[in-house]
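These notes concern the structure reproduced below.
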Amino acid sequence: MAQHLLFLKENYPVIFPHEKKSGLSVCLTFDDATFDFYHTVFPLLKKLQMKAILAVPIFPILASTSLSPEKRLKMEPDIAKKSAAFCTWKEIQEMADSPFIEIASHSYSHEDLSKKEVDLDLEILQSKKTLEDKIKTRVKTFIYPYGRCNRRALKKAREHYTYSMRIGSAFNFFSSPLLYRVPCDNYAQISHLFKPKTKVRLFLKTLVCKIRRR
Ligand SMILES: [Zn+2]
């Protein structure tokens with residue numbers, strides 16, 4: 001992880017979406033606010049002075065916990081029930097107060113928002129209100145659970161957020177409120193993501209994504 005972050009820091013501007021620059025820059029996003037982010041990633045980001053967006057789902061977050069870090073790290077973060085495997089509100093507040101972390105909504109219940117029966121008011125609007133109430137900071141970004149959305153969810157997110165993000169494995173031109181993310185889990189070397197062949201593939205995927213949305 002440290003090596004991956006260092007590579008990015010040395011080669012690209014690592015920015016929040018509103019800091020868009022010309023040329024290739026990187027916006028780091030981490031989903032779900034599991035405790036390992038607070039325990040391992042946040043200290044690294046602070047040390048390297050790098051920025052990242054943390055996507056928080058509301059309902060599994062506890063106010064605080066007395067469980068030891070060791071136990072919390074061992075717990076499986078079962079998204080379906082409340083668990084100390086996630087960051088607490090206290091830890092989220094500490095990160096929100098840091099210049100290196102921007103908090104995004106990751107819905108209320110971590111539902112797949114492309115499903116018809118989902119309550120979008122709860123997932124998109126209420127999650128924003130709850131987050132803003134808790135951390136006393138404006139929440140500008142919504143990150144779709146599982147990277148999925150439909151037109152209805154996209155319209156709702158557009159009404160309430162400056163940016164929304166889904167997984168598209170494509171670059172962004174920062175020209176629209178829907179930003180595509182590239183999952184990095186399968187890259188043993190983060191530099192592989194920036195090889196010319198991969199760049200061409202991601203660029204072509206961007207065009208496909210844009211055409212599909214018309
Ligand atoms: Zn998630």
Side-chain angles (χ1 to χ4, degrees), residues 1 4-5 16-17 26-42 44-45 51-62 65 72-89 91-93 95-96 100-132 134-135 137 139-154 156-158 160-170 172 177-187 193 209:
M1 166 64 82
H4 286 198
L5 290 176
F16 290 136
V26 172
C27 176
L28 292 173
T29 62
F30 292 82
D31 286 3
D32 301 336
T34 44
F35 177 63
D36 55 351
F37 181 86
Y38 177 79
H39 182 268
T40 308
V41 184
F42 180 47
L44 263 177
L45 292 170
K51 297 167 182 175
I53 291 181
L54 178 64
V56 179
I58 304 297
F59 93 102
I61 307 298
L62 302 175
T65 179
R72 294 175 71 193
L73 288 170
K74 274 185 201 156
M75 289 170 76
E76 285 297 312
D78 180 352
I79 205 91
K81 59 185 177 208
K82 284 190 172 190
S83 158
F86 292 85
C87 298
T88 62
W89 282 120
E91 290 156 354
I92 290 168
Q93 182 68 68
M95 293 190 281
F100 303 112
I101 303 294
E102 187 177 301
I103 301 294
S105 169
H106 196 38
S107 84
Y108 204 96
S109 320
H110 204 273
E111 290 282 345
D112 175 350
L113 301 195
S114 65
K115 290 180 180 168
K116 274 185 187 168
E117 65 276 14
V118 170
D119 180 350
L120 292 181
D121 275 341
L122 174 71
E123 303 300 340
I124 294 177
L125 181 54
Q126 189 55 49
S127 66
K128 178 181 163 73
K129 283 183 179 166
T130 304
L131 267 181
E132 290 181 341
K134 292 278 186 190
I135 64 173
T137 306
V139 173
K140 292 175 277 197
T141 302
F142 184 85
I143 296 189
Y144 296 97
Y146 312 105
R148 294 192 199 122
C149 71
N150 58 16
R151 283 183 188 278
R152 206 168 63 96
L154 177 60
K156 191 87 178 167
R158 271 181 174 160
H160 301 288
Y161 296 83
T162 311
Y163 306 103
S164 66
M165 299 188 184
R166 60 161 300 175
I167 294 167
S169 293
N172 293 289
L178 179 63
L179 302 179
Y180 299 106
R181 300 192 295 161
V182 181
C184 294
D185 295 346
N186 299 324
Y187 290 94
L193 189 59
C209 288

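Just so it is clear, the values below take in all heavy atoms, side chains as well, and ignore hydrogens, waters and symmetry mates. Note that the structure is predicted; figures quoted are calculated from it, not measured. Order of appearance sets the numbers: ligands from 1, and atoms from 1 within every ligand.
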Check: Val56 and Phe86 side chains under 4.5 Å, non-hydrogen atoms:
no
Rounding to 10°, state the angle centred on the Zn ion (ligand 1) that links NE2 in His106 with NE2 in His110.
100°
Between Ser127 (side chain only) and Ile124 (backbone N and O only), is there a donor and an acceptor less than 3.5 Å apart?
yes
From the N, O or S atoms in Asp32, identify the one nearest to the Zn ion (ligand 1).
OD1
Any N, O or S atom of Asp31 closer than 2.8 Å to the Zn ion (ligand 1)
no
Between Thr34 and Asp32 (side chain of the first, backbone of the second, donor and acceptor by atom type, cut-off under 3.5 Å), is there such a pair?
no
Can you name the side-chain contact (heavy atoms from CB on, under 4.5 Å) partners of Leu122, sequence neighbours left out?
Tyr108, Ser109, Asp119, Gln126
